[in-house]
Amino acid sequence: TGHLALGATSFAMSVASAVSTVRMTEVSGICFPAYFVCLPSTLSHRLSLDTSSVTTMKSMFSGANAFNSLISFNTSRVTDMESTFEGAVAFNQPLSFDTGSVTTLHATFRGATAFDQPLIWDVESVTSMFRTFFGASSFNGESVRVHAPDTRASASRSVRHQGALLPAGDWNVSNVLDFGSMFTYAVALDQDLSSWDVSAATSMSAMFNFTTLAPCFRRGIYLQFSTN
């Protein structure tokens, strides 16, 4: 099990000298520490890495407070996106990630205060959304579904809406165990989440603390959780 053998300083230098698209031929390791903290604030081009062998993007851009580049990554093998964009306060780019294998989104966008982009993702395998959007004060939960759910009725619905902008209320969170503080301080959130299937949930502590989300948009979740 290798690690990405590239320090922040040398990577920042290679990025700064790029003309258009930043590329690396291969990322052979399976772990991304926070190597992107030193990315220059002037970087505005697409960041394209071969991440086809990567299984964790934990803390990849954590604390990279000037980073705001387009990203083109293969995330098909990634299972861990804990704190990937935590504290990336300037980041606000569309994300098209294959998250079909991801099981943890723990603090993924925590403190990413500028982020409010459609999320092209699949959260059906996710078990932890603890603090996923904690302090993501601009986020308002729109996404595009790219993977059809298992049930025939839902799959039919997915086909009808494929490529359309869908609200967070359409996310399949049926396998999530921990919703603790998921949207705490996400003050822009204004989506109806009442239809979420939270039958597997074991924790919803402080899920909506310090938000202005209408009670009718969350009442169904709490009622369902209370009867589990």
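Being a predicted model, the structure only gives us computed values, none of them experimental.
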*First locate atom CD of Glu142, then atom CG of Asp170, and finally report the distance between them rounded to the nearest 0.5 Å.*
12.0 Å
*asked:* Measuring only between side-chain heavy atoms, which start at C-beta, is Gln191 closer than 4.5 Å to Leu189?
replied: yes
*Treating Ile, Leu, Val, Met, Phe, Trp and Tyr as nodes and any side-chain heavy-atom pair under 4.5 angstrom as an edge, say whether Met57 and Leu119 lie in one connected cluster.*
yes
*Got Val123 and Val173 here, is their nearest side-chain heavy-atom distance under 4.5 Å?*
yes
*Would you say the side-chain atoms of Ser125 pair up with the backbone N or O of Thr103, donor to acceptor, closer than 3.5 Å?*
no
*Inter-residue atom distance Asn209.CG - Met182.CE, 0.5 Å rounding*: 14.0 Å
*State whether the side chain of Thr132 and the backbone N or O of Leu105 hold a donor-acceptor pair below 3.5 Å, judged by distance alone.*
yes
*Check whether any side-chain N or O of Arg218 sits under 3.5 Å from a backbone N or O of Leu213 as a donor-acceptor pair, and report yes or no.*
yes
*Short question: side chain of Thr75, backbone of Asp98 - any donor-acceptor pair under 3.5 Å?*
yes
*List the steps and the verdict of side chain to side chain contact (heavy atoms under 4.5 Å, CB included) for Thr104 and Phe130.*
CA-CA 9 Å; Thr104 180; Phe130 180 68; over 6 Å; no
*Nearest 0.5 Å please: distance from the OG atom of Ser174 over to the CG atom of Asp197.*
5.0 Å
*Asp116 side chain to Asn140 main-chain N or O, any donor-acceptor pair under 3.5 Å?*
yes
*asked:* Can you confirm whether Asn68 sits close enough to Gln93 that some side-chain heavy atom of one is under 4.5 Å from a side-chain heavy atom of the other?
replied: yes
*Report yes or no: do Trp171 and Ser143 form a side-chain donor-acceptor pair below 3.5 Å?*
yes
*Do you know which two heavy atoms are closest between Cys216 and Ser194, and how far apart they sit?*
O-CB, 3.8 Å
*asked:* Looking at every non-hydrogen atom in both residues, tell me the closest pair between Gly169 and Ser195 and how far apart they are.
replied: O-OG, 3.5 Å
*Criterion side chain to side chain contact (heavy atoms under 4.5 Å, CB included) on Met60 and Phe73, from CA distance to verdict*: CA-CA 12 Å; Met60 186 174 185; Phe73 289 164; 3.3 Å; yes
*Is there a donor-acceptor contact under 3.5 Å from the side chain of Thr51 to the main chain of Asn74?*
yes
_For Leu177, is there any backbone N or O sitting under 3.5 Å from a side-chain donor or acceptor partner on Thr202?_
yes
*Have a look at Phe208 and tell me which of Phe217, Tyr222, Phe179 forms a side-chain contact (heavy atoms from CB on, under 4.5 Å) with it.*
Tyr222
*Is Thr211 close to Val187 at the side-chain level, that is, under 4.5 Å between some pair of heavy atoms?*
no
*Ser101 (side chain) donor-acceptor with Ser76 (main chain) under 3.5 angstrom*: yes
*Using the six-membered ring wherever Trp is involved, compare the ring planes of Phe67 and Phe61 and label them parallel, tilted or perpendicular (cut-offs 30° and 60°).*
parallel
*Parallel, tilted or perpendicular: which fits the ring planes of Trp121 and Phe109, with parallel below 30° and perpendicular above 60°?*
perpendicular
*Could you tell me which non-hydrogen atom of Ala188 sits nearest to which non-hydrogen atom of Ser137, and how far apart they are?*
CB-O, 3.3 Å
_Smallest separation among heavy atoms of Pro94 and Gln117, with atom names_ = CG-OE1, 3.5 Å
*So, does Gln224 use its side chain to make a donor-acceptor pair with the main chain of Val198 at under 3.5 Å?*
yes
_As an exercise, state the distance from CE of Met129 to NE2 of His106, rounded to the nearest 0.5 Å._
12.5 Å
*Quick one: does Asn92's side chain get under 4.5 Å of Phe115's, heavy atoms only?*
yes
*Test side chain to side chain contact (heavy atoms under 4.5 Å, CB included) on Thr108 and Glu86 and set out the steps.*
CA-CA 6 Å; Thr108 303; Glu86 182 174 5; over 6 Å; no
*asked:* Apply side chain to side chain contact (heavy atoms under 4.5 Å, CB included) to residues Met81 and Phe97 and explain how you reach the verdict.
replied: CA-CA 11 Å; Met81 284 190 165; Phe97 282 172; 3.5 Å; yes
*asked:* What's the separation between atom CZ in Arg219 and atom CG in Asp192, rounded to the nearest 0.5 Å?
replied: 10.5 Å
*Examine Tyr185 together with Phe134 and report whether their ring centres are nearer than 6.0 Å.*
yes
_Within-4.5 Å side-chain heavy-atom neighbours: Phe85 and Leu95_ = yes
*Decide yes or no for Thr113 and Phe91: does some side-chain heavy atom of the first lie under 4.5 Å from some side-chain heavy atom of the second?*
no
*Side-chain (Asn175) to main-chain (Glu124) donor-acceptor, under 3.5 angstrom*: yes
*Non-hydrogen side-chain atoms of Trp196 and Phe225 separated by less than 4.5 Å*: no
